[in-house]
Amino acid sequence: IDVVIGEGTEFGDLRAIGKSTHPDLSASTMGYSVARNKSQLLEQAATATRLWAPILGVDNVQKKIKTRERDSTSSHISYDVDAAISSEQPSLLDMTKAALQVLGTNINNPEGFFLMIESSGTDKYGHNNNIKGKLSSVVTLDRTVAAALLFMQDNPDTLLIVTSDHETGGVQIPAEGADPDTAFTTKEHTATPVRVFALGAGAEYFHNKTVDNTDIAKFVINALRGG
């Protein structure tokens, strides 16, 4: 694994993740450049060939919109819609650009790379039945996809897949004049089919068909093997 960018101080030590007491098992001794905020991330991504970035978050007491799974003592990154987002917290777009810089430019492995990017706000705000957060998270995802498309212009052999593992909230169009948050019919995941958008090398596999979500993983593995 060459690039890991995420949230939460609990992921800052490889020993904690692997439950190891070995004194040399740390990100820096394993060859990673380490970043803990936006400025460090942008600086390290410019030259790094391995990047470990457990980004420090803000106290959720400051956040206007909280998710059901987080309490006021956690240190997670704010979603873009949150008013308390710090100038030192990278957006999903920032993190995506950093990852593409390291994997696509700095390393530039002729065999390519696999990068998974998650925009989790659509799920979290679906659980909260918060339509403002849900829509803002879609905009965040859209900007992130745009960055991937720009990368594809210079790397036409790239395959881009955009999908979801499930829908959350049972979103429907609310009645005219109704509170937008009434668009939700549940606070849980639903069985609503989700779209799969694919562009680039091999994307025709997904065209005009319904696929099982596990088929996507099998397709990606086959593509990485040159199939």
Side-chain angles (χ1 to χ4, degrees), residues 1-8 11-12 14 17-18 27 30-55 57 76-77 79-80 89-124 137-166 194-206 211 213-227:
I1 300 176
D2 295 306
V3 175
V4 178
I5 307 174
E7 65 173 5
F11 303 115
L14 290 176
I17 296 173
M30 295 293 289
Y32 288 99
S33 297
V34 179
R36 294 185 178 276
N37 55 45
K38 180 177 179 178
S39 58
Q40 291 178 7
L41 177 66
L42 299 180
E43 178 183 359
Q44 298 290 356
T47 57
T49 53
R50 301 190 82 193
L51 181 61
W52 185 269
I55 305 299
H76 293 273
I77 295 175
Y79 293 115
D80 289 1
Q89 288 188 48
S91 65
L92 185 66
L93 178 58
D94 293 326
M95 292 185 276
T96 298
K97 288 181 176 180
L100 290 174
Q101 172 69 30
V102 175
L103 295 171
T105 303
N106 301 356
I107 298 178
N108 196 23
N109 188 330
E111 295 184 359
F113 62 87
F114 169 77
L115 172 63
M116 189 190 81
I117 304 164
E118 180 184 10
S119 176
S120 62
T122 51
D123 176 60
K124 301 301 183 184
S137 296
V138 172
V139 172
T140 296
L141 174 62
D142 185 69
R143 292 171 178 165
T144 302
V145 171
L149 291 173
L150 286 175
F151 178 85
M152 290 182 67
Q153 289 183 0
D154 297 325
N155 301 272
D157 57 344
T158 301
L159 169 64
L160 174 65
I161 302 172
V162 182
T163 189
S164 173
D165 54 342
H166 55 74
V194 296
R195 298 293 297 271
V196 179
F197 302 92
L199 181 67
E204 61 275 3
Y205 172 83
F206 297 100
V211 298
N213 60 353
T214 57
D215 290 338
I216 298 175
K218 296 173 184 176
F219 171 80
V220 170
I221 292 172
N222 186 57
L224 289 172
R225 290 173 175 171

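These values consider heavy atoms only, across backbone and side chains, with no hydrogens, waters or symmetry-generated copies.
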Worksheet entry | Rounded distance (nearest 0.5 Å) linking atom CG of Leu115 with atom CD1 of Ile5 | 8.0 Å

Fill in: Check against side chain to side chain contact (heavy atoms under 4.5 Å, CB included), Asp2 and Ile107
CA-CA 9 Å; Asp2 295 306; Ile107 298 178; 3.8 Å; yes

Practice prompt. Show your working on side chain to side chain contact (heavy atoms under 4.5 Å, CB included) between Ile117 and Leu92 and close with a plain yes or no.
Written response: CA-CA 8 Å; Ile117 304 164; Leu92 185 66; 3.8 Å; yes

Worksheet, complete the sentence: Nearest heavy-atom approach of Ala45 to Asn106 is O-ND2, 2.9 Å

Fill in: Spatial distance of atom CG (Asp154) from atom CG (Leu100) [nearest 0.5 Å]
11.0 Å

Item to complete: For the residue pair Phe206 and Phe219, categorise the inter-ring angle as parallel (less than 30°), tilted (30 to 60°) or perpendicular (more than 60°).
Response: perpendicular

Worksheet item: Quick one: OG on Ser119 to CG on Leu93, what's the gap to the nearest 0.5 Å?
Response: 11.5 Å

Worksheet item: Which heavy-atom pair separates Gln44 from Leu51 by the least distance, and what is that distance?
Response: CB-CD1, 3.9 Å

Worksheet item: Under 4.5 Å between any side-chain heavy atoms of Phe113 and Leu224, yes or no?
Response: no

Fill in: Flag, side chain of Thr105 to backbone of Val102, donor-acceptor distance under 3.5 Å
no

Worksheet item: So do the side chains of Asn213 and Val196 get within less than 4.5 Å of each other, counting heavy atoms only?
Response: no

Worksheet, complete the sentence: Correct closest heavy-atom pair for Tyr32 and Ile1 would be OH-O, 2.6 Å

Worksheet item: Distance only, no hydrogens: is a donor on one side chain within 3.5 Å (strictly under) of an acceptor on the other, for Ser91 and Asp94?
Response: yes

Response to the item:
Distance col, row Thr144:OG1 vs Glu118:CD, nearest 0.5 angstrom, shows 12.0 Å

Worksheet item: Is the closest side-chain donor-acceptor distance between Asn37 and Gln89 under 3.5 Å?
Response: no

Practice prompt. Answer yes or no: is there a side-chain heavy-atom contact under 4.5 Å between Met152 and Leu160?
Written response: yes

Worksheet entry | Option among Leu149, Leu159, Ile161 that satisfies the side chain to side chain contact (heavy atoms under 4.5 Å, CB included) test with Leu199 | Leu149

Worksheet item: Do Trp52 and Arg50 come within less than 4.5 Å of each other through their side chains, counting heavy atoms only?
Response: no

Worksheet entry | pair Val145-Asp142: side-chain heavy atoms closer than 4.5 Å | no

Worksheet item: Are the side chain of Asn109 and the backbone of Glu111 linked by a donor-acceptor contact shorter than 3.5 Å?
Response: yes

Item to complete: Taking the side chain as every heavy atom from C-beta outward, state whether Arg36 and Pro54 have any atom pair closer than 4.5 Å.
Response: yes

Worksheet entry | Spacing of CD1 belonging to Ile55 relative to CE belonging to Met95, to within rounding of 0.5 Å | 7.0 Å

Worksheet item: Rounded to the nearest 0.5 Å, what separation is found between the OG1 atom of Thr96 and the CD atom of Gln101?
Response: 13.0 Å

Discussion item. Is there a side-chain contact between Thr163 and Val194 in this structure, where contact means two heavy atoms from C-beta onward sitting under 4.5 Å apart?
Written reply: yes

